[in-house]
Visitor: 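The structure's right below; bear with me while I get my questions together.
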2 protein chains.
Amino acid sequence: MKNNITMKDIADRLGISAVTVSKAINDKEGVSGELKEKIKSLALEMGYRYNAAAKSMKDGLSYNIGVVIPERFTGLTQSFYLRIYQQISKNLEECGYYSTLHILNSEDEEQMTLPRIYYEKKVDGFIILGQVSKGYIETIQKMELPKILLDFYDEHADIDSIVTDNFYGAYEITNYLIQQGHRQIAYVGNLYSTSSIQDRFLGYFKSLLEHRIPLQDHLILNDRDERGKFIDIELPESLPTAFVCNCDQVALELIFKLKKLGCDIPNDCSVVGFDNDIYSTLSEPHLTTVEVDVIMMAQTAVKLMMEKIRNPHRKSGRILVQGKIIYRDSVRKL
Amino acid sequence: MKNNITMKDIADRLGISAVTVSKAINDKEGVSGELKEKIKSLALEMGYRYNAAAKSMKDGLSYNIGVVIPERFTGLTQSFYLRIYQQISKNLEECGYYSTLHILNSEDEEQMTLPRIYYEKKVDGFIILGQVSKGYIETIQKMELPKILLDFYDEHADIDSIVTDNFYGAYEITNYLIQQGHRQIAYVGNLYSTSSIQDRFLGYFKSLLEHRIPLQDHLILNDRDERGKFIDIELPESLPTAFVCNCDQVALELIFKLKKLGCDIPNDCSVVGFDNDIYSTLSEPHLTTVEVDVIMMAQTAVKLMMEKIRNPHRKSGRILVQGKIIYRDSVRKL
DNA sequence: CTGAAAGCGCTTACAG
DNA sequence: CTGAAAGCGCTTACAG
């Protein structure tokens with residue numbers, strides 16, 4: 001680049017040393033206020049731009065955080081992780097950090113190929129956004145960099161993680177259905193697909209237990225195969241009065257399906273979702289659901305990452321981010 | 001970081017110089033094949049990671065591209081730009097480049113505050129994804145870095161831009177409606193909101209002109225205010241037989257609205273959209289629409305950026321990326 | 001094919 | 001308060 005002004009150039013124009021310019025520009029001690037102002041205004045005038053690469057080299061930090069999202073979570077219909085990523089990027093910027101997105105394709109995940117940004121020291125830490133295979137987690141584990149699992153966790157790994165309180169959210173919304181008089185309540189989701197779905201199921205189950213409602217196998221409805229691909233939901237012969245869906249998207253699908261069967265929502269069947277994402281307001285009626293706090297999740301992840309960079313021994317364990325029920329019109333009081 | 005292996009460390013172990021290690025690792029000439037292999041395998045064994053910051057400093061390149069998306073295009077309901085961003089990020093990686101996302105908030109846009117990544121030389125170029133104010137474009141113009149406008153353009157600025165061929169896409173889909181026997185065709189969109197909406201309108205208009213169908217003011221329906229906020233669409237007293245909507249989201253809204261009025265789609269009214277995004281398959285019936293080629297747009301942007309980095313004088317002007325009509329079930333033959 | 005020297009732009013630690 | 005020296009890890013250009 002042509003217009004390449006350095007601290008030395010500023011120093012020369014002022015007949016001082018680059019050290020002093022450095023101190024002034026970084027607001028460090030050791031420069032008189034007067035000189036500092038002079039330096040800063042000249043820097044501005046000369047169109048000086050700080051060279052972050054030089055600093056990076058000095059202190060071995062890139063001031064970048066890598067965010068890894070498995071490709072399968074980023075289709076046309078899935079903007080959730082991209083939205084979290086966006087928030088992360090915003091929050092990082094406020095800390096003088098930047099983010100680099102790495103979409104992890106399934107091939108790299110299987111072969112446990114770490115992102116190139118790791119091998120090029122382009123990042124100081126990783127946020128893994130979305131469940132990856134055990135093998136991949138183990139590989140990640142070996143990197144001697146701060147890392148955080150976001151929106152999922154793994155018991156065998158002691159990597160810090162931040163997740164929505166899926167268990168409690170599903171527990172609460174099931175309680176709500178029961179308060180509304182429902183007793184025949186189905187759960188929609190593949191229990192072996194992701195830990196989120198599993199935990200939401202368990203929250204649902206806890207609510208049933210507390211209310212002495214027996215768990216019925218035929219009321220656990222599968223919505224996807226184990227690789228996450230949606231399948232047609234098979235309804236039980238006699239319909240329950242309510243459905244707890246593991247996510248809004250599936251709730252929306254279910255509503256479409258029920259409607260085609262001539263079922264009126266919520267008069268014949270109540271349906272609740274989870275996430276409060278775009279799908280929650282696309283159905284008629286709009287979905288009662290559990291809102292996942294995207295802002296808080298991103299914020300927590302960034303804050304924790306900054307702490308871990310400062311102190312690599314910082315351990316947080318598993319942090320739960322509370323959701324909250326959004327009451328809309330898909331539930332009927334019996 | 002503790003585990004900090006450098007080329008020098010490898011060189012010392014082998015009793016050679018760092019220069020030779022550098023050549024080997026970068027697959028450059030001037031090392032015997034045998035030695036090169038020995039160096040590479042030792043590097044692997046020692047867990048060597050290349051320090052990109054050092055290279056960055058040497059050649060004044062960060063190997064990062066900044067992608068700027070105005071915040072207003074990134075709401076819960078708008079994943080389009082985030083999807084393009086994702087593709088950009090993927091494509092860049094294949095070129096050994098990485099992306100940094102900068103969400104431009106409206107305050108910074110008004111005050112023409114450039115992203116910090118610019119002032120810290122953290123990026124070698126900018127892709128502006130989504131229409132920004134004239135003032136902001138002018139400010140961007142002053143940066144002596146390669147820059148590309150993506151999904152919009154500005155006549156007064158001679159920044160290279162890449163846009164969907166909105167004009168032609170709307171022209172084609174309107175032609176299709178006319179072929180299907182429609183004559184009363186409305187356009188839905190605020191003509192003063194974005195250049196995309198304007199150009200799509202003009203394509204629609206050209207089709208009318210060619211078919212000697214007069215343009216009727218009361219068939220141009222506003223869908224949003226000038227800041228992009230959606231408003232309730234006011235329908236004309238007597239409904240047209242078809243609607244060309246400037247985007248799928250609005251088409252979906254319109255369908256909901258028409259249905260509430262007891263209008264059957266497509267039997268009473270045909271509706272077409274634009275984008276082929278998530279909204280296009282959420283309506284019943286699914287939308288006939290123009291698919292925007294996200295993959296190609298991202299690819300073109302990255303390719304052009306790489307060329308501009310190599311040769312800063314490279315000019316491409318305005319590149320149009322063709323869309324294609326996706327035929328579904330929202331149009332009826334009259 | 002191999003390597004000594006110099007330099008990229010900044011900062012740290014120390015001396016004045 | 002100010003600055004000379006050394007160093008961060010790599011690469012380029014040149015010499016052998």
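All heavy atoms count here, side chains included; hydrogens, waters and symmetry mates do not. Residue numbers start from 1 in every chain, and the chains themselves are labelled A, B, ... in the order their sequence lines are given, proteins ahead of strands.
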Visitor: May I ask which nucleotide in the shown strands pairs with dC1(C), Watson-Crick or G-U wobble, both distances under 3.5 Å?
Guide: dG16(D)

Visitor: Side chain of Asn26(A) only, heavy atoms from C-beta on: which candidate in dG9(D), dC10(D), dT11(C) is closest?
Guide: dT11(C)

Visitor: CG of Asn51(B) versus P of dG7(D): gap in Å, rounded?
Guide: 18 Å

Visitor: Give the nucleotide from the list dT2(D), dC8(D), dT11(D) with an atom nearest to the side chain of Leu35(A).
Guide: dT2(D)

Visitor: Crowded around Lys303(A) NZ? As in, over 12 foreign heavy atoms under 6.0 Å?
Guide: no

Visitor: Asp9(B) has an atom CG; how far is it from atom P of dG9(D), in whole Å?
Guide: 8 Å

Visitor: Figure out the NZ/P separation between Lys122(B) and dG9(C), and round it to whole Å.
Guide: 17 Å

Visitor: When you measure from the side chain of Ile16(B), which nucleotide among dC8(C), dG3(D), dG3(C) comes out closest?
Guide: dG3(C)

Visitor: Rounded to the nearest angstrom, tell me the gap between atom CG in Asp12(A) and atom P in dG3(D).
Guide: 11 Å

Visitor: Using atom CG of Leu61(B) as one end and atom P of dG9(C) as the other, report the distance to the nearest whole Å.
Guide: 13 Å

Visitor: Can you tell which of dG3(D), dT11(C), dA4(C) lies closest to the side chain of Lys23(A)?
Guide: dG3(D)

Visitor: Check the distance between dG3(C)'s P and Lys8(B)'s NZ and give it to me in whole angstrom.
Guide: 12 Å

Visitor: Given dG9(D), dA4(D), dT2(D), identify the nucleotide with an atom nearest to the side chain of Thr20(A).
Guide: dT2(D)

Visitor: Is the distance from OP1 or OP2 of dG9(C) to the nearest side-chain N or O of Asn4(A) less than 4.0 Å?
Guide: yes

Visitor: Just how far, in rounded Å, is C1' of dG7(C) from NZ of Lys58(B)?
Guide: 5 Å

Visitor: Looking only at atom types and distance, does a side-chain atom of Asn51(B) sit under 3.5 Å from a main-chain N or O of Ala53(B), one as donor and one as acceptor?
Guide: yes

Visitor: Counting side-chain heavy atoms from C-beta on, which of dT11(D), dA13(C), dG9(D) comes nearest to Ser22(B)?
Guide: dT11(D)

Visitor: Nearest 0.5 angstrom please: Leu150(A) CG to Leu129(A) CG, how far?
Guide: 5.0 Å

Visitor: Where the side chain of Ser17(A) is concerned, which of dC10(C), dA4(D), dC1(D) is the nearest nucleotide?
Guide: dA4(D)

Visitor: Go through Tyr119(A) and Tyr48(B) one step at a time and tell me if the side-chain hydrogen bond (donor to acceptor under 3.5 Å, both in side chains) criterion holds.
Guide: CA-CA 8 Å; Tyr119(A) 293 110; Tyr48(B) 171 74; over 6 Å; no

Visitor: Choosing from dG9(C), dT12(C), dA4(C), which nucleotide comes nearest the side chain of Val19(B)?
Guide: dA4(C)

Visitor: I need the single residue from Gln86(A), Gln87(A), Lys90(A) that forms a side-chain hydrogen bond (donor to acceptor under 3.5 Å, both in side chains) with Thr74(B). Which is it?
Guide: Gln86(A)

Visitor: Nearest heavy atom decides the nucleotide; on that basis, is Met57(B) or Gly15(B) closer to the 5' end of DNA chain C?
Guide: Gly15(B)

Visitor: Nearest whole Å is fine: how far is dC10(C) C1' from Arg49(A) CZ?
Guide: 16 Å

Visitor: With a 4.0 Å cutoff (strictly under), does any side-chain N or O of Ser32(A) reach OP1 or OP2 of dT2(D)?
Guide: yes

